Amino acid sequence: QVQLAESGGGLVQVGGSLRLACAPSGRTFSRDTVAWFRQAPGKEREFVAALWRSTGRAYYEDSVKSRFTISRDNAKNMIYLQMNSLKPEDTAVYYCAADSRIIFSSMRTPSEYDYWGQGTQVTVSS
């Protein structure tokens, strides 16, 4: 059974940084499109960033561009989300997701991903 496990969340002040990590069990990421989503209380889960499987190119939600960086380490079978210049509106539970068959036009759609972690809480205090 495939499981993804996020780590690295926590409480940080405005302007601070965190690095989230995602490790799978029972699966390797090397052929997957991998992504980060987030969900704030009372809101729908939203796309944050993704690495497209065939090109390795990164895609970001507009509000996190230039502040967040998604990366993968195939040797360690890990994906990361480096988050800098954090804002209160970044507060949410962050989830990693992976899928090998997702089509490009669905990359930002949570329901199109087969594999998910349980999430890690990120809280940015002002």
Side-chain angles (χ1 to χ4, degrees):
Q1 183 177 357
V2 175
Q3 292 183 323
L4 308 183
E6 302 95 339
S7 61
L11 175 64
V12 64
Q13 291 186 332
V14 170
S17 298
L18 285 173
R19 188 177 81 152
L20 307 184
C22 179
S25 59
R27 187 171 186 85
T28 58
F29 281 139
S30 60
R31 296 181 181 181
D32 286 347
T33 292
V34 294
W36 289 93
F37 290 81
R38 65 186 181 187
Q39 189 165 17
K43 295 187 177 181
E44 295 187 350
R45 193 167 297 189
E46 67 173 1
F47 173 79
V48 175
L51 285 172
W52 182 245
R53 62 179 179 272
S54 61
T55 63
R57 181 176 174 180
Y59 297 84
Y60 297 94
E61 193 269 329
D62 286 346
S63 70
V64 307
K65 282 180 182 177
S66 77
R67 300 189 297 123
F68 290 11
T69 303
I70 186 173
S71 62
R72 78 164 84 209
D73 184 332
N74 286 337
K76 295 182 178 180
N77 199 30
M78 297 284 290
I79 62 171
Y80 302 98
L81 185 69
Q82 178 66 43
M83 306 186 294
N84 299 327
S85 302
L86 284 162
K87 304 176 181 180
E89 52 264 43
D90 294 319
T91 295
V93 177
Y94 284 71
Y95 300 89
C96 64
D99 198 286
S100 63
R101 298 174 297 176
I102 195 167
I103 62 175
F104 185 78
S105 60
S106 297
M107 181 174 58
R108 299 169 185 256
T109 306
S111 61
E112 295 294 323
Y113 286 80
D114 283 343
Y115 303 106
W116 289 88
Q118 294 299 307
T120 186
Q121 176 70 46
V122 172
T123 303
V124 184
S125 65
S126 57

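Just so it is clear, the structure is predicted and the values come from calculations on it, not from any experiment. What's counted below: heavy atoms across the whole structure, side chains too, no hydrogens, waters or symmetry copies.
With sequence neighbours excluded, no residue forms a side-chain hydrogen bond (donor to acceptor under 3.5 Å, both in side chains) with Gln3. Listed by chain and residue number, nothing satisfies the side-chain contact (heavy atoms from CB on, under 4.5 Å) test with Ala5 (two or more places apart in sequence, or in another chain). Evaluation of the side-chain hydrogen bond (donor to acceptor under 3.5 Å, both in side chains) rule for Asp90 yields Arg38, Arg67 as partners, not counting sequence neighbours. The side-chain hydrogen bond (donor to acceptor under 3.5 Å, both in side chains) search around Lys65 returns Asp62, not counting sequence neighbours. By the side-chain contact (heavy atoms from CB on, under 4.5 Å) test, Ser100 pairs with Arg27, Asp32, sequence neighbours left out. Taking Thr55 as the reference, Trp52, Arg57 meet the side-chain contact (heavy atoms from CB on, under 4.5 Å) condition, with sequence neighbours excluded. The side-chain contact (heavy atoms from CB on, under 4.5 Å) check on Val122 picks up Leu18, Leu20, Met83, Tyr94, Val124, with sequence neighbours excluded. In terms of the side-chain hydrogen bond (donor to acceptor under 3.5 Å, both in side chains) criterion, Ser7 has no residue partners (sequence neighbours excluded).
Among pairs with a residue in residues 65-114, those fulfilling disulfide bond (SG atoms under 2.5 Å apart) read Cys22-Cys96, at least two apart in sequence or across chains. Sequence neighbours left out, the pairs with a member in residues 12-22 that pass side chain to side chain donor-acceptor pair (under 3.5 Å) are Ser17-Asn84.
For the atom pair OG of Ser126 and CG of Leu86, the computed distance is 13.0 Å after rounding to the nearest 0.5 Å. Atom-to-atom distance recorded for Gln121:CD and Leu11:CG is 9.5 Å, nearest 0.5 angstrom. A distance of 5.5 Å separates OG1 in Thr28 from CG in Asn77, rounded to the nearest 0.5 Å. How far CH2 of Trp116 is from CG of Leu4: 9.5 Å, rounded to the nearest 0.5 Å.
Counting only heavy atoms from C-beta outward, the side chains of Arg72 and Asn74 approach each other to under 4.5 Å. Between Trp36 and Glu6, some side-chain heavy-atom pair lies under the 4.5 Å cut-off.
Hydrophobic clustering places Val34 together with Tyr115 (ILVMFWY residues linked when any side-chain heavy atoms are closer than 4.5 Å, directly or through intermediates). Phe29 and Phe47 fall into different hydrophobic clusters, where Ile, Leu, Val, Met, Phe, Trp and Tyr residues are linked whenever their side-chain heavy atoms come under 4.5 Å apart, directly or through other members.
The shortest non-hydrogen separation linking Gly117 to Tyr95 is O-CD2, 3.6 Å. Minimum interatomic distance between Thr91 and Ala40 (heavy atoms only, all atoms of both residues): O-CB, 3.8 Å.
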N/O donor to acceptor pairs below 3.5 angstrom from side-chain atoms of residues 102-113, sequence neighbours left out:
{"unit_1": "Tyr113", "atom_1": "OH", "unit_2": "Met107", "atom_2": "O", "d": "2.7"}

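Grouped by direct or indirect side-chain proximity (heavy atoms under 4.5 Å, Ile/Leu/Val/Met/Phe/Trp/Tyr only), Tyr80 sits with Met78.
By the neighbour-count criterion of 12 heavy atoms within 6.0 Å, atom CD of Glu89 is densely surrounded, having more than that number from other residues, nucleotides or ligands.
Put simply, the residue from Ile79, Leu81, Val64, Val48 that forms a side chain to side chain contact (heavy atoms under 4.5 Å, CB included) with Ile70 is Leu81.
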